[in-house]
Amino acid sequence: MQTNIIESYKKTHLGQQANDILRSCVHCGFCNATCPTYQLLGDELDGPRGRIYLIKQILEGKQPTEKTKQHLDNCLNCLNCETTCPSGVQYHHLLEIGQTLAVKEVELPWRKKILRQLILNVMPYPKRFNFFVSLGVSMSAFLPDKLARLLPKDHKQTLYFEPQTRSRKMLLLYGCVHKAISPDIHQKTSQVLDKLGIELIDENDPGCCGAMTHHLQAEPQTIEFLKKNIDSWSESIEQGIEVIISNASGCGAMVKDYPRLVEKYLGKESVYYEKAVRVAAVTKDISQILSQEDLSPLTLDSKYKNIAYHPPCSLQHAQHLPEIVEQILASLGANLSPVQDKHLCCGSAGSYSILNPEISEQLRDKKLDHLQNNNADVIATANIGCLHHLQTKSKIPVIHWLQLIH
Ligand code: SF4
Ligand code: SF4
């Protein structure tokens, strides 16, 4: 694609990066075919190719409008278009640049501004988030149905399983919302790994991986999370941690992207860059661990007969591990129901379901139709965001796939 980036952007590293990405796009439109928002809204500007055009226009000097920003913000960041693109266009890097520029130029409507601030100041902080969830649960009878449905059905602080001391030690990424809405996933992770002879070490400073703030273009906050986590996890690596485990694919995808983000925000010469490379290199999704182990000590829960598995975009498109969970479950004897359009996003997408509820709910309902077909009696997935989002409307239980294993 021909570009004519204005001088002020051309001089910057991000401007040059954006120019290279724009030039790699041949404008074929294959990506539109797998874009959930294009399929739903039918507007070229709500597909990847249209968004690439909008970002090109900003970089060429056109003032972004509220509408431009809305088309960019309608993007789920699901990366389905990147999986489809034959030219290897790094769409999400370009989107990040476009959204950062649009945020600087376009004032948000007040309702969205408040919501954004609430998300940024509550969700990435486990104690604050837990406080609001507890408050919501205690007042759920008085809340509108739509809000009450967002609350966890079983809100309790369970004790973590105490494993035997093992010679193999791995560090668990706690994440920011797990403890408040699904502590049992961490407990199950610990139990499963213990059976495989692996001790799970609690993260000394549990908090957010930075994905939430990063996707909302809150740069200083994201940098703070990056530095804090890289320092803390580097220390754990030096103490002999074999792997940093993620049981939420959204967090795993973010941590694996740390080197690029550190380079972007702090530069390759920063002391954090080498450390970020080391942290990302030892970060693995729990499925990557299980796929390398002898699984004979594990058995499948016989409670469910037909499992419908939903592969989160952050696992299939960002971490490029599309079939890994299904292969593990199949090797344990699971009966997996066929699911139509597995490659499409469920509409959860981090804070998207809060900021863009109309699109998010339509995608969720479509996804649930496909998952609940073929006599499935449970839905399993690999990311807490998808799990919680699907749970708000599902007729059958929605669980983390690890919860199918004993
Ligand atoms: S992003 Fe890729 S698939 Fe989409 S129009 Fe550009 S080259 Fe084609
Ligand atoms: S990231 Fe997903 S929603 Fe965004 S343009 Fe690509 S396919 Fe569409």
Side-chain angles (χ1 to χ4, degrees), residues 1-3 17-60 64 67-103 211 214-217 249-250 253-254 256-257 260 310-320 322 341-367 383 385-386 389:
M1 182 188 285
Q2 291 278 326
T3 55
Q17 196 190 10
N19 199 22
D20 290 344
I21 301 172
L22 286 170
R23 282 171 176 267
S24 66
C25 173
V26 296
H27 203 58
C28 62
F30 287 166
C31 49
N32 278 353
T34 57
C35 173
T37 54
Y38 178 72
Q39 285 185 7
L40 200 67
L41 305 169
D43 183 339
E44 172 76 19
L45 296 179
D46 280 312
R49 184 171 61 177
R51 292 187 180 114
I52 288 172
Y53 245 109
L54 290 174
I55 298 166
K56 176 178 181 282
Q57 286 178 335
I58 300 175
L59 288 156
E60 289 180 343
K67 250 183 152 182
T68 318
K69 183 160 171 18
Q70 191 55 56
H71 288 303
L72 299 185
D73 288 349
N74 280 349
C75 175
L76 295 142
N77 226 318
C78 66
L79 309 194
N80 207 339
C81 50
E82 284 196 10
T83 302
T84 312
C85 174
S87 306
V89 173
Q90 295 176 317
Y91 167 83
H92 76 288
H93 300 186
L94 187 67
L95 180 75
E96 257 172 49
I97 297 169
Q99 283 182 317
T100 306
L101 295 175
V103 155
H214 173 58
H215 290 142
L216 289 176
Q217 300 87 45
S249 55
M254 174 71 183
K256 288 180 179 182
D257 205 18
R260 182 184 71 83
H310 164 57
C313 301
S314 44
L315 197 63
Q316 59 171 330
H317 302 304
Q319 297 193 51
H320 308 290
D341 288 342
K342 275 195 304 191
H343 61 287
L344 288 181
C345 178
C346 67
S348 167
S351 55
Y352 191 95
S353 57
I354 304 171
L355 291 167
N356 279 348
E358 295 84 12
I359 299 175
S360 169
E361 285 167 17
Q362 287 181 66
L363 291 172
R364 176 199 61 196
D365 294 351
K366 222 170 166 187
K367 178 60 72 181
N383 189 40
C386 311
H389 181 58

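The figures here come from the full heavy-atom set of this structure, side chains too, leaving out hydrogens, waters and symmetry mates. Atoms within each ligand, like the ligands themselves, are counted from 1 in listed order.
Using a 3.5 Å distance cut-off with no hydrogens or angles, the side chains of E82 and H92 do pair a donor with an acceptor. At a cut-off of 3.5 Å, with distance as the only test, no side-chain donor of D46 or T37 sits close to an acceptor on the other residue. Looking only at atom types and distance, the side chain of E44 has a donor-acceptor partner in the side chain of N32 under 3.5 Å away.
In this structure a side-chain-to-backbone donor-acceptor pair under 3.5 Å is missing from T84 to C31.
Residue V103 comes nearest to Q217 through the heavy atom pair CG2-OE1, 3.3 Å, listed as atom of the first residue, atom of the second, then distance. Heavy atoms only, all atoms of each residue included: Y352 and D73 are closest at CE1-O, 3.5 Å.
The immediate protein surroundings of ligand 2, defined as residues with any heavy atom under 4.0 Å of it, consist of C35, P36, T37, P48, R51, C75, L76, N77, C78, L79, N80, C81, Y91.
Rounded to the nearest 0.5 angstrom, K367 NZ and Q362 CD are separated by 15.0 Å.
Close contacts between ligand 1 and H27 involve ligand atoms 5 (S), 6 (Fe) [criterion: under 4.0 Å to a heavy atom]. Taking a cut-off of under 4.0 Å to the non-hydrogen atoms of G29, the atoms of ligand 1 that pass are 5 (S), 8 (Fe). Every atom of ligand 1 with a heavy atom of P86 under 4.0 Å away is listed here by number and element: 3 (S).
Within the structure, the closest approach of G88 to ligand 1 does not fall below 4.0 Å when heavy atoms are considered.
Residues satisfying the side chain to side chain contact (heavy atoms under 4.5 Å, CB included) test with H320, not counting sequence neighbours, are none.
Residue contacts with ligand 1 for S87 involve side-chain atoms from C-beta outward but no N, CA, C or O (heavy atoms, distance under 4.0 Å).
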